[in-house]
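Read through the structure below, which is laid out as structure tokens, and then see the notes.
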Amino acid sequence: MADDCLFCKIIAGEIPSTKVYEDDTTYAFKDINPKAKVHVLIVPKQHCANAAELANSDPAELAHIVEIAQSIADKEFHGAYRLIFNTGKDAGQSVFHVHAHVLTGETMEE
Ligand code: AMP
Ligand code: ZN
């Protein structure tokens with residue numbers, strides 16, 4: 001666990017969250033400030049800063065995150081979803097523990 005990482009604390013249960021999915025390597029929970037009818041964050045339990053670092057250190061985990069996103073969208077909205085990895089402060093990343101935003105549950109504007 002990285003010091004002072006919000007998502008490490010959520011994974012450890014030190015900060016409450018609404019769980020959507022969990023397995024040995026990965027945790028998914030509802031975003032506290034949803035930008036779509038269904039807005040879920042998927043995170044690896046192992047701390048890692050961003051998607052490119054995860055692609056380098058554990059590509060299978062990155063693929064696993066995509067599979068989980070697909071299964072959430074299959075359940076919520078006939079398999080349609082938007083998958084976003086904000087990377088870097090100037091692109092809107094505010095938590096430096098890699099997380100996939102899954103936006104689904106409704107028709108999205110372009
Ligand atoms: P990003 O801006 O891409 O780093 O995304 C961080 C996301 O975490 C934002 O969409 C926030 O709404 C969300 N967030 C921040 N704190 C919490 C929390 N305690 N529980 C759930 N989501 C959170
Ligand atoms: Zn972390």
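It should be emphasised that the depicted structure is a prediction, and the values quoted were computed from it without experimental measurement. When a ligand or atom number is given, it counts from 1 through the structure's own listing order. What you see below is based on every heavy atom in this structure, not just the backbone, and it leaves out hydrogens, waters and symmetry mates. Residue numbers run from 1 in the order of the sequence given.
Using a distance-only test at 3.5 Å, with no hydrogens or angles considered, no donor-acceptor pair links the side chain of Glu14 to the main chain of Lys9. No donor-acceptor pair under 3.5 Å is formed between the side chain of Glu22 and the backbone N or O of Tyr27.
The protein atom (non-hydrogen) at minimum distance from atom 2 (O) of ligand 1 is Gly92 O, 2.7 Å. Scanning the protein heavy atoms around atom 16 (N) of ligand 1, the nearest turns out to be Leu6 CD2, 3.4 Å. Counting only heavy atoms of the protein, atom 22 (N) of ligand 1 lies nearest to Ile32 N, 3.2 Å. When hydrogens are left out, the protein atom nearest atom 4 (O) of ligand 1 is Ser94 N, 2.6 Å; that is the closest non-hydrogen contact. With hydrogens left out, the protein atom closest to atom 1 (P) of ligand 1 is His99 NE2, 3.1 Å, a heavy atom.
Looking at ligand 1, you'll find an N or O of Val95 within less than 3.5 Å of one of its N or O atoms. In terms of polar-atom proximity, defined here as any N/O pair under 3.5 Å, His101 does make such a contact with ligand 1.
Considering the Zn ion (ligand 2) as centre, the angle to SG of Cys8 and to ND1 of His97 is 110° (10° rounding).
Side-chain polar atoms of Gln70 and Tyr81 form a donor-acceptor pair below 3.5 angstrom. Between the side chains of Asp23 and His64, at least one donor-acceptor pair of N or O atoms lies under 3.5 Å.
Close approach of ligand 1 to Asn33 is summarised as follows: ligand atoms under 4.0 Å from at least one heavy atom of the residue are 12 (O). With ligand atoms numbered from 1 in the order given, ligand 1 contributes 8 (O) to contacts under 4.0 Å with heavy atoms of Phe7. For ligand 1, the atoms sitting less than 4.0 Å from at least one non-hydrogen atom of Lys30 are 21 (C), numbered in the order shown with element in parentheses. In summary, the atoms of ligand 1 found under 4.0 Å from a heavy atom of Phe29, numbered by their order in the structure, are 21 (C), 22 (N).
Counting only heavy atoms from C-beta outward, the side chains of Thr25 and Glu61 approach each other to under 4.5 Å. Proximity of His97 to Ile11: side-chain heavy atoms (C-beta onward) are separated by under 4.5 Å at one or more points.
Nearest N, O or S atom of His47 to the Zn ion (ligand 2): atom ND1.
Cluster membership for Ile42 and Ile15, using ILVMFWY side-chain heavy atoms within less than 4.5 angstrom, is not shared.
In this structure, CG in Leu54 is found 5.5 Å from CD1 in Ile65, a value given to the nearest 0.5 Å.
For Gln46, the CD atom is loosely surrounded, since the number of other residues' heavy atoms within 6.0 Å does not exceed 12.
Of the listed options Ile10, Ile84, Asp31, Asp31 places a heavy atom closest to atom 9 (C) of ligand 1.
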